[in-house]
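Worksheet for the structure shown next.
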Amino acid sequence: MYDLNTRVLIVDDMLTMRKLVQKVLKDIGFTNFVEATDGAKAWEAFSSASPPIGLVISDWNMPNCSGLDFLKRVRADGRFAKTPFYLVTAESEMSQVVEAVKAGVSGYIVKPFDMVTLKGKLEEGSKKAA
Amino acid sequence: MSASPAQLSAIEEGKNLRIRFPTVVDQAVSNQLSIESKSWLLNPCEVLIFDFSGVTEIKNQSYRAFVNLHQLLSKTTIKHCSVNLDPKIAHQLSADGLHNVFNPIVGRSPLPQVTAGDSKNPFDLVLVNSFCAATKKTFEIQAQTTVNIHKPKLVRLSEKNNDYPVGIVGIMNLSTDKFRGSLTLVFSAEVFLKIYERMIGEKHETISSDIEDAAGEILNIIYGAAKTELNQIPGYNLVPILPTVLSGDKLIVRQHPSHTIIQLPFETDLGTFFVEIAVEKPAAVAA
């Protein structure tokens with residue numbers, strides 16, 4: 001499992017979803033959060049963060065810059081090749097999963113989800129990365 | 001939920017054929033399935049519905065017959081799905097790599113009492129059941145709220161009146177290869193605020209712009225879950241759509257005059273909310 005003190009970037013254009021993801025992460029034990037409302041703003045926050053962001057939970061469908069585009073931007077920068085990056089979406093079609101995996105996603109979280117599901121996904125992703 | 005029949009049985013429901021199974025689906029049932037399915041294919045229906053109400057076990061030995069039938073169906077225009085599957089059995093089938101073979105529609109509620117192919121009724125069982133199951137799943141997982149689905153009601157626009165308080169609604173247009181219409185999620189302010197508090201952990205006295213997007217997000221999750229199920233069936237092809245949210249003291253939920261409406265009441269310990277599915281009448285779609 002990831003260090004619970006790590007800074008987590010939560011990206012979603014919907015305030016409710018940012019609050020919801022943060023609530024579930026708090027239930028898991030995370031305490032340090034940064035928020036952004038789309039992929040472009042997320043990249044600004046992510047690339048200039050100090051201390052650095054250690055975990056990203058991003059919505060897929062957002063205006064301006066989607067979660068997938070943000071992921072590709074992160075992975076294109078060698079410094080962030082291994083930063084854990086999870087995409088959240090309400091859809092679970094295989095074509096999307098394949099696209100996300102090709103882009104280097106650490107895990108894929110389908111809404112609706114609860115603490116057990118999210119924790120399981122994070123544990124699974126951290127084991128794969130180890 | 002109705003009890004299982006003593007043996008495999010097939011019931012015609014409009015253009016669909018519903019197959020009921022005994023409590024345990026074993027080799028004997030599998031043999032019967034192999035034999036009887038030949039006659040179903042000779043008299044084609046639109047959708048073959050495997051109804052697993054009351055089924056407590058599907059034995060591995062019966063898989064072959066379902067796989068064979070799935071292969072035969074894939075060469076025809078007949079769609080198929082499984083309903084009322086016990087979640088443990090659904091999990092077992094998924095773990096055994098048989099998700100596509102059974103094509104389960106999530107949820108066990110035997111809803112609603114409407115069938116596909118009824119010329120007076122543009123709703124089909126698979127569509128409504130998918131949205132019911134997705135709504136139940138969304139509230140149970142995302143808002144930790146148990147949901148009981150009451151009997152759905154078909155409503156004519158001339159009869160439609162809001163006999164329930166409306167504080168906030170989320171609306172989505174529905175557009176598929178089969179029909180056009182809309183999906184509306186309706187809460188009273190009181191119920192919405194309680195659900196929001198349980199979901200997010202914040203108590204609010206009124207619906208403000210800070211929290212009203214929750215209605216859209218809940219609707220978005222319901223739609224996404226139903227879409228995932230429905231798009232596995234040829235002919236639906238639901239596409240991503242953004243919800244619209246309206247809130248206020250004097251809201252009235254109206255629907256388009258050319259639409260037929262089904263109201264789905266969902267009861268929770270926090271109060272009742274509604275989902276309305278409105279679908280263009282067949283003549284309007286054809287036009």
Side-chain angles (χ1 to χ4, degrees), chain A residues 10-31 33 35-39 57-69 87-100 108-121 124, chain B residues 94 99-100 106-107 133-145 147 168 170 172 192-193 195-204 207-232 236-245:
Chain A
I10 300 168
V11 192
D12 202 305
D13 55 319
M14 306 285 269
L15 176 61
T16 294
M17 274 314 293
R18 295 200 302 276
K19 285 182 178 178
L20 185 64
V21 171
Q22 190 173 132
K23 177 181 179 282
V24 177
L25 288 168
K26 277 181 182 169
D27 289 343
I28 294 172
F30 290 95
T31 55
F33 305 103
E35 292 185 16
T37 55
D38 64 43
I57 311 279
S58 174
D59 187 30
W60 186 299
N61 295 309
M62 292 180 292
N64 301 329
C65 175
S66 73
L68 183 64
D69 291 337
L87 276 169
V88 181
T89 180
E91 297 147 31
S92 58
E93 280 91 346
M94 280 311 291
S95 59
Q96 286 207 329
V97 178
V98 170
E99 201 177 356
Y108 192 87
I109 300 152
V110 179
K111 292 184 272 189
F113 62 89
D114 56 13
M115 190 192 85
V116 176
T117 308
L118 183 56
K119 193 175 179 188
K121 288 280 182 183
E124 194 182 307
Chain B
S94 182
H99 185 89
N100 288 342
V106 179
T135 304
K136 192 170 163 61
K137 179 180 169 186
T138 298
F139 278 83
E140 290 184 349
I141 295 175
Q142 210 66 84
Q144 301 86 50
T145 299
V147 168
I168 186 164
M172 271 182 159
F192 176 75
L193 290 168
I195 286 173
Y196 185 87
E197 183 179 355
R198 190 172 286 175
M199 194 165 95
I200 305 294
E202 287 179 9
K203 188 173 175 62
H204 292 256
I207 299 174
S208 66
S209 56
D210 282 350
I211 68 168
E212 66 181 15
D213 74 344
E217 191 54 45
I218 293 168
L219 186 60
N220 199 31
I221 298 172
I222 291 169
Y223 179 79
K227 171 176 169 282
T228 301
E229 294 293 331
L230 288 168
N231 281 3
Q232 293 177 38
Y236 282 99
N237 197 23
L238 290 159
V239 295
I241 294 171
L242 290 175
T244 300
V245 174

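Lettering follows sequence order; numbering is per chain, from 1. Just so it is clear, the values below take in all heavy atoms, side chains as well, and ignore hydrogens, waters and symmetry mates.
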Worksheet, complete the sentence: Taking a cut-off of under 4.5 angstrom between non-hydrogen atoms, the residues of residues 19-31 of chain A near chain B are A:K19, A:L20, A:K23
Distance from [X] atom [atom1] to [Y] atom [atom2], nearest 0.5 Å?
X	Y	atom1	atom2	answer
A:T16	B:E212	OG1	CD	9.5 Å
A:F113	B:I221	CZ	CD1	7.5 Å
A:L15	B:E217	CG	CD	10.5 Å

Worksheet item: Side chains of A:M17 and B:D213: closer than 4.5 Å at any heavy-atom pair?
Response: no
Response to the item:
Closest non-hydrogen contact found for B:G216 with A:M14 is C-CE, 4.3 Å
Worksheet item: Considering all heavy atoms of both residues, which atom of B:I141 and which atom of A:D114 are nearest to each other, and what is their separation?
Response: CG2-N, 3.7 Å
Discussion item. Between B:Y196 and chain A, with a heavy-atom cut-off of 4.5 Å, which part of the residue counts as in contact: side chain, backbone, both or neither?
Written reply: side chain
Worksheet item: What do the steps show when you test B:N220 against A:K111 for side-chain contact (heavy atoms from CB on, under 4.5 Å), and what is the final call?
Response: CA-CA 9 Å; B:N220 199 31; A:K111 292 184 272 189; 4.3 Å; yes
Worksheet, complete the sentence: A:T37 meets the side chain to side chain donor-acceptor pair (under 3.5 Å) criterion, sequence neighbours left out, with none
